[in-house]
Amino acid sequence: MEILSCTKQHEHFRKRVRDFANEEVIPNVEQWEKERIIPKSAWKRLGEEGFLCTTISPEYGGPGHDFIHAYIVADELVKTNHFGMGPPTHSDIVVPYLNTFASEKLKKKYLPGCVSGEIITAIVISEPGAGSDVASISATMEDDGNELVLNGAKTFITNGINCGLAVVAFRDPAVDNPYKGLSICLVEEGTPGFEKGKKLDKLGMYSQDTSELFFTDCRIPKENLIGTRGAGFQMLMQKLQQERLMVSIFSVGAAEYLLERTIKFYKENSGKGKVVPNSQSNQFSLVEMATDLKLGRTFLEKLLAEHMEGNDVVTETSMAKFWTAEMVNRVANGCLDIYGEMGMLEKDPVSRYFRDMRIMPIFAGTNEIMRQIIAKRMGL
Ligand SMILES: Cc1cc2nc3c(=O)[nH]c(=O)nc-3n(C[C@H](O)[C@H](O)[C@H](O)COP(=O)(O)OP(=O)(O)OC[C@H]3O[C@@H](n4cnc5c(N)ncnc54)[C@H](O)[C@@H]3O)c2cc1C
């Protein structure tokens with residue numbers, strides 16, 4: 001029984017994304033990993049094909065698809081010999097802030113460019129001194145006539161170098177209560193006082209441009225504020241749910257990719273001399289990973305169906321985020337063990353995913369924070 005109601009149109013869309021991934025992503029991965037960035041031209045191709053911001057309505061230049069399309073894009077792009085694609089972050093984590101909270105004028109101004117790939121976005125919350133504790137951010141937003149003046153440093157920002165539009169959280173220094181003092185605004189690349197710092201060299205996800213961002217007496221028009229002033233914390237908590245679901249989609253997709261690859265490797269090599277012993281322990285390891293994956297995919301699809309119905313799935317989303325993030329790391333570790341020394345080769349995607357998946361328990365709210373949320377909602 002299928003949990004998500006996928007139509008022929010969804011299947012056709014998946015085939016298109018997969019063909020694109022095979023023809024225009026996989027052949028470029030080595031280059032992007034070496035250069036540690038995905039060129040803007042690749043974003044534009046994704047836009048031309050209709051693979052960015054799939055849920056944005058035609059009124060703003062989007063195709064107005066359901067969320068299954070977003071799921072398909074993320075699920076296919078994570079299976080391209082690497083995990084580095086910032087586009088699902090742009091489409092389904094950042095742009096939803098604009099789509100839900102921005103004024104009509106801002107939506108008309110920016111959303112068509114987000115859909116076409118002309119505008120790349122970033123969500124800018126983390127600071128050198130504020131990670132899990134979002135309420136403790138110290139970058140400030142102050143009034144000056146019709147303008148807002150922004151000051152502060154942000155770090156570990158996905159799409160930080162490529163971004164043309166930053167969705168940034170600041171605090172109002174005049175408000176003591178941090179839960180009532182955060183606001184979110186849009187800052188365009190090129191605004192005086194908005195500078196991009198260095199690209200961070202990370203353990204994995206080489207092709208994703210993660211960077212620092214700086215705001216020094218940066219002035220933006222007041223109309224660039226999105227949502228209600230002072231309601232930034234609540235807006236972040238609302239949108240973090242879909243971000244956590246995206247992490248689960250990446251995790252389950254990557255685990256599937258790794259397992260399929262490793263089973264193929266096992267079947268081709270087992271029993272042939274030293275490469276992979278046809279041992280019961282290797283078989284059991286593959287069986288356990290396949291079971292993990294089945295549980296993850298089933299849970300994820302049930303959750304996606306509920307998310308699309310608009311149900312409150314905060315507890316389940318937190319469970320899925322921490323469980324699938326740990327599951328894909330178990331799978332990456334288990335697959336590398338089966339590959340043995342071959343899995344240690346830098347060029348092999350198994351070693352690349354072993355590195356790339358290490359981030360999953362950390363971003364979008366660490367797994368400890370997920371457990372805290374669940375404990376609270378269980379009344380513990
Ligand atoms: C590759 C990458 C991309 C990122 N992209 C973005 C982005 O686009 N935008 C953005 O704003 N940020 C981004 N981040 C930052 C990310 O959101 C933070 O790393 C994350 O919020 C955790 O914060 P931290 O790393 O400062 O860890 P900390 O909050 O310092 O936590 C350190 C450890 O302490 C634990 N801990 C913290 N608080 C508690 C608690 N109350 N109870 C129990 N344990 C606790 C944590 O679980 C963790 O194990 C990115 C990070 C990385 C590595």
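Order of listing sets the numbers, starting from 1, for every ligand and every atom in it.
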- Nearest non-hydrogen atom to atom 24 (P) of ligand 1 belongs to which of Gly129, Ala122, Gly131, Gly365? Gly131
- Task: Using a strict cut-off of 4.0 Å, indicate which atoms of ligand 1 neighbour a heavy atom of Ile157.
- Result: 7 (C), 8 (O), 9 (N), 10 (C), 11 (O)
- Message: Could you identify the single nearest non-hydrogen protein atom to atom 8 (O) of ligand 1 and state the distance to 0.1 Å?
- Response: Thr158 N, 3.0 Å
- Message: Just to confirm my output: which protein heavy-atom neighbour is closest to atom 53 (C) of ligand 1, and how far is it?
- Response: Ile359 CD1, 3.1 Å
- On the 0 to 90° scale, with breaks at 30° and 60°, tag the Phe215-Phe194 ring pair as parallel, tilted or perpendicular. parallel
- Message: Using a 4.0 Å heavy-atom cut-off, which part of Ile369 comes near ligand 1: side chain, backbone, both, or neither?
- Response: side chain
- Message: So, regarding Ile123 and ligand 1 (criterion: nitrogen or oxygen to nitrogen or oxygen, under 3.5 Å), is there a contact or not?
- Response: yes
- Hey, is atom 33 (C) of ligand 1 under 4.0 Å from any protein heavy atom? no
- Message: Could you tell me if Tyr71 and Asp92 have a donor-acceptor pair between their side chains, going purely by distance under 3.5 Å?
- Response: no
- Item | Check ion pair Glu30-Arg352 (N to O, under 4.0 angstrom) | yes
- Message: Are any of the N/O atoms on Phe156, whether in the backbone or the side chain, positioned under 3.5 angstrom from an N/O atom of ligand 1?
- Response: yes
- Item | Is_contact(atom 30 (O) of ligand 1), protein non-hydrogen, under 4.0 Å | no
- Other residues, nucleotides, ligands: >12 heavy atoms within 6.0 Å of Lys15 NZ: no
- of all protein heavy atoms, closest to atom 20 (C) of ligand 1 is Ile362 O, 3.7 Å
- Taking only non-hydrogen atoms of Ser126 and a 4.0 Å limit, the atoms of ligand 1 in range are 10 (C), 11 (O), 12 (N), 13 (C), 14 (N), 15 (C), 16 (C), 17 (O)
- In Asp75, Leu77, Val78, the residue satisfying side chain to side chain contact (heavy atoms under 4.5 Å, CB included) with Phe250 is Val78
- Query: Any luck finding a side-chain donor-acceptor pair between His65 and Thr55 under 3.5 Å?
  - Reply: no
- Message: With heavy-atom distances below 4.0 Å as the criterion, list the atoms of ligand 1 near Gln372.
- Response: 40 (C), 41 (N), 42 (N), 43 (C)
- Do me a favour and list the nearest non-hydrogen protein atom to atom 36 (N) of ligand 1 with residue, atom name and distance? Ser132 OG, 4.5 Å
- Task: Tell me yes or no: between the side chains of His307 and Glu316, is some donor less than 3.5 Å from an acceptor?
- Result: no
- Any N or O of Glu368 that comes nearer than 3.5 Å to an N or O of ligand 1? yes
- Query: Side chain or backbone of Thr366 under 4.0 Å from ligand 1, or both, or neither, by non-hydrogen atoms?
  - Reply: side chain
- Message: For a quick test of reading the model, state the closest non-hydrogen atom pair linking Ser318 to Met370 and the distance between them.
- Response: O-CB, 3.6 Å
- Query: Lys202 heavy atoms, cut-off 4.0 Å: which ligand 1 atoms fall inside?
  - Reply: 1 (C)
- Query: Given that the side chain starts at C-beta and the backbone is N, CA, C, O, which of these parts of Ile125 lies under 4.0 Å from ligand 1, counting heavy atoms, or is it both or neither?
  - Reply: both
- Query: Could you state the interatomic distance from CD1 (Ile359) to CZ (Arg355), rounded to the nearest 0.5 Å?
  - Reply: 14.0 Å
- Message: Applying the side chain to side chain contact (heavy atoms under 4.5 Å, CB included) criterion to Val167, which one of Leu98, Val95, Ile93, Ile125 satisfies it?
- Response: Leu98
- Is any side-chain heavy atom of Tyr110 closer than 4.5 Å to a side-chain heavy atom of Leu186? yes
- Item | Where ligand 1 meets Met205 - atom numbers and elements under 4.0 angstrom, heavy-atom basis | 1 (C)
